[in-house]
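Single-structure report; data block below.
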Amino acid sequence: MFAKAFRVKSNTAIKGSDRRKLRADVTAAFPTLGTDRASELIPGKEELNVVKLYAHKGDAVTVYTRGANPILFELEKNLYPTVYTLWSYPDLLPTFTTWPLVLEKLAGGADLMLPGVVVPPTGLPPVQQGDLCAIALVGNRAPVAIGVAAMSTAQMLASGLKGKGFSVLHTYQDHLWKSGDKSTPPAIAPLAVNPTDSSEEKVGLDLQGNLSSLTLEGEEETRKLHHSEASEDNSSGALSQNSSDGKPLQEQMDELLQQCFLHALKSRVKKADLPLLTSTLLGSHMFSCCPEGQQLDIKKSSYKKLSKFLQHMQQEQIVQVKELSKGVESIVTVDWRHPRITSFVIPEPSLTSQTVQEGSREQPYHPPDIKSLYCVPASMTQLFQESGHKKGSTLEGSEVRRIIVDYAKRNNLVDADNKNLVKLDPILCDCLLEKNEQHVVMKLPWDCLLTRCFQTMQPAYQVTFPGQEPILKKGKLCPIDITLAQKSYNKKVTVVRNLETYGLDPCSVAAILQQRCQASTIVSPAPGAKDSLQVQIQGNQIHHLGQLLLDKGSFRLSLKMTLFAADGEHYRNHKQSKCRSHGLRGAQSQRTHLQHSCCT
């Protein structure tokens, strides 16, 4: 299931009530664990997160992480332990044994076939079909895989140990394991047993000798995986990473946070920038000072919050932080002569690392070319057929205008006394007039004639991404919709919709916003829209999001798209006061105001 990189949907801290429910669910799912050990696995105070993700085959999985390691995952309302948990509780599940060479196949997505199962002197553990089992290697009881039994023990023996034995869900060295601290299995000695009789020993030797000829499901997928494994290892599916220096993840994040802070103060923040919002310091300066290949995440540091980190820096007298407005902190002074700033050396990436980064960096976002088009409806077929267009043909606005003008001139419909008026012949009457206007309206001004024509035709648009074929869609072009919603307990969330139209992946946008805004994000299906996703960010992030959409380093949107990302101050002015331009109030003003060109 986790042989390939997965996509993270959300990562949030677990609530107290959910923590207690999870502890009860673990106790019920694994009775042998006991209440005391369940409380040890799900502690009351230690940090515990809930990560919702999509596996590479589309399965929705919920992962529970403690510290840096995933400890449980939930699939279709069933709880499964990870290898990190089984290393602490090796007797939690019935354990079957296989040969070490099989592990590579299992980690690549293969299921365990019965010819690869080693029969111990005491016999196979008794299990039923569908039971959850652990898989260990010969000579070490530490489990390296978790799977579901494809048949009962009696059926395995009756089949002569042939066929599929276990559907493997998670293994040591897969991407779920890589999302933790990547520790290796501990050495757990096998249970003491009586000496192996000669027949069983012979079976074991035969199995080991013929190991290379075993047939495992998923080998083809494993071979394909080797080509892409290097690029997927650092994908967004990783929940956390650990460098090779052996330091704890929290200590590494503390060092990275201080490095980015000192780097920003020494090279980017100037005296003229003060007072500087703490959120601006983080989003506009510290993130840009983060070394390539690393990701700054305050929640994974010992400080947990930017305010606590800045309080620590204030105690060291590097900066002074004040609350200039209610709930908004700003840095008012910086001691650039402080020894920590003067002694800080700005790191310079080596030529080799720069070359690697340039080769591995994602292609920058290029906005699509968008054209507004009009479709010829059935009621206007006669008007356009002389120009060679039939029902359903798509035309640009300039083409429609030219065809109408040519039609009027060709049929001598321009009023001789007033060139601004056009006489309506039977075809124009049928196309543009209502029934009650048929015998009343005889002439129309040019602008009114063209306006009615555009209103009668069906809207459409063409989207062309660089290097791709144009995509034609009927209907109105939906703008990027940014709205502020209020949830229970007066909590606010910012919701972004219609990103896919402009070639923006909602999951990628959510991942960047989570880092930039330091707030939790959720990607969910957009209500009322088929095959469309929306991004929900905690808090009022409209101003921050508008800047991000305009940021050249993030998403370079064309003017047509950016006018829907409202300026935060202009947006707030419409919240309580009347919009003089549009005659709207409140939330109606907020949404409708974004769609007027005068607001750019």
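We use all heavy atoms of the structure for the numbers below, so side chains are in, but hydrogens, waters and symmetry mates are not. We're numbering straight along the sequence, starting at 1.
Using a 4.5 Å heavy-atom threshold, the side chains of T483 and V496 count as separate. Put simply, the side chain of E500 reaches to within 4.5 Å of the side chain of P506, judged on heavy atoms. Within the 4.5 Å cutoff, the side chain of E251 has no heavy atoms near those of the S301 side chain. I14 has its side chain within reach of R19: a pair of non-hydrogen atoms, C-beta onward, lies under 4.5 Å apart. The side-chain heavy atoms of F73 and H170, taken from C-beta on, include a pair separated by under 4.5 Å. In this structure the side chain of Q129 reaches within 4.5 angstrom of the side chain of Q155, judged on heavy atoms. Counting heavy atoms from C-beta outward, T95 and P90 have side chains that stay 4.5 Å or more apart. Side-chain contact between K164 and L114: absent, with no pair of heavy atoms (C-beta onward) separated by less than 4.5 Å.
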Exercise for review: Check the pair L41, L33 against side-chain contact (heavy atoms from CB on, under 4.5 Å), reporting the backbone distance first and the verdict last.
Suggested key: CA-CA 10 Å; L41 179 63; L33 188 63; 4.2 Å; yes
**Study point:** CA sep, side-chain torsions, deciding dist, call: W99, L137, side-chain contact (heavy atoms from CB on, under 4.5 Å)
**Key:** CA-CA 6 Å; W99 302 102; L137 302 179; over 6 Å; no
**Study point:** Verdict with supporting geometry, Y172 and Y84, side-chain contact (heavy atoms from CB on, under 4.5 Å)
**Key:** CA-CA 9 Å; Y172 163 62; Y84 291 106; over 6 Å; no
Review point. Are W177 and T171 close enough, and set up right, to give a side-chain contact (heavy atoms from CB on, under 4.5 Å), and what steps lead you there?
Key: CA-CA 7 Å; W177 169 82; T171 68; over 6 Å; no
Check your understanding: Under the side chain to side chain donor-acceptor pair (under 3.5 Å) criterion, do T65 and N49 qualify, and how do the steps go?
Key -> CA-CA 5 Å; T65 65; N49 282 26; 4.8 Å; no
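A donor-acceptor pair under 3.5 Å links the side-chain atoms of D254 to the main chain of S302, judged by distance alone. Without hydrogens or angle criteria, T98 side chain to G116 main chain gives a donor-acceptor distance under 3.5 Å. Of the possible donor and acceptor atoms, none in the side chain of N11 sits under 3.5 Å from a partner among the backbone N and O of V51. The backbone N or O of I71 sits less than 3.5 Å from a side-chain atom of T85, completing a donor-acceptor pair. The backbone N or O of T35 sits less than 3.5 Å from a side-chain atom of S39, completing a donor-acceptor pair. A distance-only check finds a donor-acceptor pair linking the side chain of T494 to the backbone of G539 [under 3.5 Å]. A side-chain donor-acceptor contact under 3.5 Å links D111 to the backbone of V168. Within the 3.5 Å criterion, the main-chain N or O of E74 finds no donor-acceptor partner in the side chain of T62. Under a 3.5 Å cut-off, the side chain of R497 and the backbone N or O of S532 do not form any donor-acceptor pair.
Shortest non-hydrogen contact noted between K178 and Q173 is CE-O, 3.5 Å. Considering all non-hydrogen atoms of both residues, V144 and P185 come closest at CG1-CG, 4.3 Å. Of all heavy-atom pairs spanning S10 and I522, the tightest one is CB-CG1, 4.0 Å. Contact detail for R23 and A38: the closest heavy-atom pair is CG-O, 4.0 Å. The two residues K299 and E47 come nearest to each other via the heavy atoms O-OE2, 4.2 Å. Contact detail for G163 and P115: the closest heavy-atom pair is O-CD, 4.0 Å.
The aromatic rings of H312 and Y303 are tilted relative to each other, their planes meeting at an angle between 30° and 60°.
The local environment of CD in E469 is sparse, with at most 12 non-hydrogen atoms from other residues, nucleotides or ligands closer than 6.0 Å. Enclosure of atom CD in E76 is not indicated, since only 12 or fewer non-hydrogen atoms of other residues, nucleotides or ligands lie within 6.0 angstrom.
Note that the CZ atom of F2 and the CG atom of L169 stand 8.0 Å from one another [nearest 0.5 Å]. Annotation: the span from M286 atom CE to L306 atom CG amounts to 6.5 Å, rounded to 0.5 Å. To the nearest 0.5 Å, the span separating CZ on R37 from CD1 on I42 amounts to 13.5 Å. Atom CD of Q294 is separated from atom CD of Q252 by 8.0 Å, given to the nearest 0.5 angstrom. Put simply, CD on Q259 and CG on L296 are 10.0 Å apart, with the number rounded to the nearest 0.5 Å. To the nearest 0.5 Å, the span separating OG on S152 from CG on L157 amounts to 8.5 Å.
A distance below 6.0 Å separates the ring centres of F261 and F309.
Ion pairing between D25 and K21 holds under the 4.0 Å rule for side-chain N and carboxylate O. Salt-bridge annotation for R141 and D91: present, with a side-chain N of the basic residue lying under 4.0 Å from a carboxylate O of the acidic one.
If you check the side chains of D481 and N498, you find no donor sitting under 3.5 Å from an acceptor.
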